[in-house]
Number of protein chains: 2
Amino acid sequence: MREAAAVEPRPYHHGDLRRALVEAARRILESEGPTALSLRAVAREAGVSPAAPYHHFKDKGELLDAVAHVGWDMLGESMNGAKERAADLGALMTEIGVSYVQFSQQHPALYRVMYDCSRDKDELPEGMQDNEDSAYCLVRETFRKVAGPEVPIVDIELATIAAWCAAHGLAEMSTFKQFDGLKIGLGGEEAFLRGVLGHLGMFQASKSIKV
Amino acid sequence: MREAAAVEPRPYHHGDLRRALVEAARRILESEGPTALSLRAVAREAGVSPAAPYHHFKDKGELLDAVAHVGWDMLGESMNGAKERAADLGALMTEIGVSYVQFSQQHPALYRVMYDCSRDKDELPEGMQDNEDSAYCLVRETFRKVAGPEVPIVDIELATIAAWCAAHGLAEMSTFKQFDGLKIGLGGEEAFLRGVLGHLGMFQASKSIKV
DNA sequence: AGATTGATCTTGACGCCGTTCAGATAGGTG
DNA sequence: CACCTATCTGAACGGCGTCAAGATCAATCT
């Protein structure tokens, strides 16, 4: 029976499990948070046995790496989208920063996995590596344009790192509930983000990259 | 036999286990890293059964909280020590920042536990809370003095948060090995830290707290 | 077509984890 | 002294990551 109902669902032994596992992991992350993300739970969610993932990933870490990879793609898109929202080049850095932190707030569990994967290996996250079209390059090239050609490249590099540190720090801390009062006083979450970013030199067009 | 040899070691049933457990945990953190830090391993290291810790801590999280508490005390001392190393008030913020990041580099596993405890609860770490003599107050009061009385308090607050975000981000990222080349080029680890911090507005005396 | 192959998945097991509970131990108090 | 209570142990539970052995099945070869 059922010769080839193959509309979409299970074309092979079980389907392409690799993708299914990554999506199951993301579903668990969104609905139950990082602590619920066990390999067995992912297999359960995908409807396979606990050992099945080992035919597609060396170990749990490699599955998480795949999840993180999706996350960095999403974050990269979000940051690139800032180009459309920025009024001019001067405002672009702020918009990128806001995009970054807002992404981390919309996907807190995913963001945590993204960074934990990096720290476990002491390696830069993919999105921060110096590949072409990486998010890192987007930030650095924005800095380069804002700063002009007379600024030494090492300063561009350091400013990019500094900006990323600040954005990452804010991403991890902005959810702490002790800031709720201040957020209300400033008029909401985004005003708070812009307020903090505004006090970091490089997120203000007028004074960015003073050597 | 041995009526009261109580010099230091085991005055009671097993000694004051609570402290012993926290110290055992710190020993494991330093020698084997955060992933090796299981409750059972801590009990083993302290020479007691796996269930013994439950008479002193509600669960594993509460033990980690105690470890983190020690860590924030240490970090607070380190930051306060910056006062002696700073040439003038203008340089103080930079020295505090350097102290912060250097602490995280000297105790990476401990620093990770310190922050993970906070994020698990969405609560500010102790050292960042607005208690008197907290590290947060040290930073904020430094800003207040540098900025002068005409700067609104909300900007002092935002600048303090921004500085902390940047320091935390740098603390977490400075160990990534992709920065090794840049560090060598700049003349070492500390030069790298000062380089990055120098590109953050609030760590430069001359331009800190521009409203 | 039928046999073979190799990738995919399951079953069952191992050791470790966090946690609980009944019972042993022993200091402090009457 | 006997009792009480805090402390600690031993054994157990379910869940975890991982692995080895066997079942299943698409694809390939003859």
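Any value given below was found using the heavy atoms of this structure, including those in side chains, with hydrogens, waters and symmetry copies removed. The sequence lines fix the lettering, A, B, ..., with proteins before strands; numbering per chain opens at 1.
We find that CZ of Phe57(B) is positioned 14 Å from C1' of dT7(D), with the value rounded to whole Å. Regarding Glu32(A), its CD atom lies at a distance of 14 Å from the P atom of dG15(D), rounded to whole Å. For Glu45(A) and dC16(D), the CD to P distance is 13 Å, given to the nearest whole Å.
Residues satisfying the side chain to side chain donor-acceptor pair (under 3.5 Å) criterion with His69(A), sequence neighbours excluded, are Glu126(A). Under the ring pair (Phe, Tyr, Trp, His ring centres under 6.0 Å) criterion, Phe192(B) pairs with Phe179(B), sequence neighbours left out. The side chain to side chain donor-acceptor pair (under 3.5 Å) search around Ser99(A) returns Arg85(A), not counting sequence neighbours. Evaluation of the ring pair (Phe, Tyr, Trp, His ring centres under 6.0 Å) rule for His56(A) yields no partner, not counting sequence neighbours. Contacts of Tyr100(B) classified as ring pair (Phe, Tyr, Trp, His ring centres under 6.0 Å), with partners at least two apart in sequence or in another chain: Tyr111(B), Trp164(B).
Between His56(A) and dA7(C), a side-chain N or O to OP1/OP2 separation shorter than 4.0 Å is absent.
The salt bridge (Lys or Arg N to Asp or Glu O under 4.0 Å) contacts involving residues 177-195 of chain B comprise Glu123(A)-Lys177(B), Glu95(B)-Arg194(B), Lys183(B)-Glu189(B), Glu190(B)-Arg194(B), where partners must be two or more places apart or lie in separate chains. Residue pairs meeting the salt bridge (Lys or Arg N to Asp or Glu O under 4.0 Å) criterion with at least one partner in residues 20-30 of chain A, sequence neighbours excluded, are Arg27(A)-Glu45(A).
Contacts between residues 109-117 of chain B and DNA chain D, counted as heavy-atom distances below 4.0 Å, involve no residue at all.
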Expected string for nucleotides 12-22 of chain C under the B/S/- scheme (protein heavy atoms, under 4.0 Å, primed atoms plus P, OP1, OP2 as sugar-phosphate) is -B---BBBBB-
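Looking only at atom types and distance, the side chain of Tyr136(A) has a donor-acceptor partner in the side chain of Glu157(A) under 3.5 Å away.
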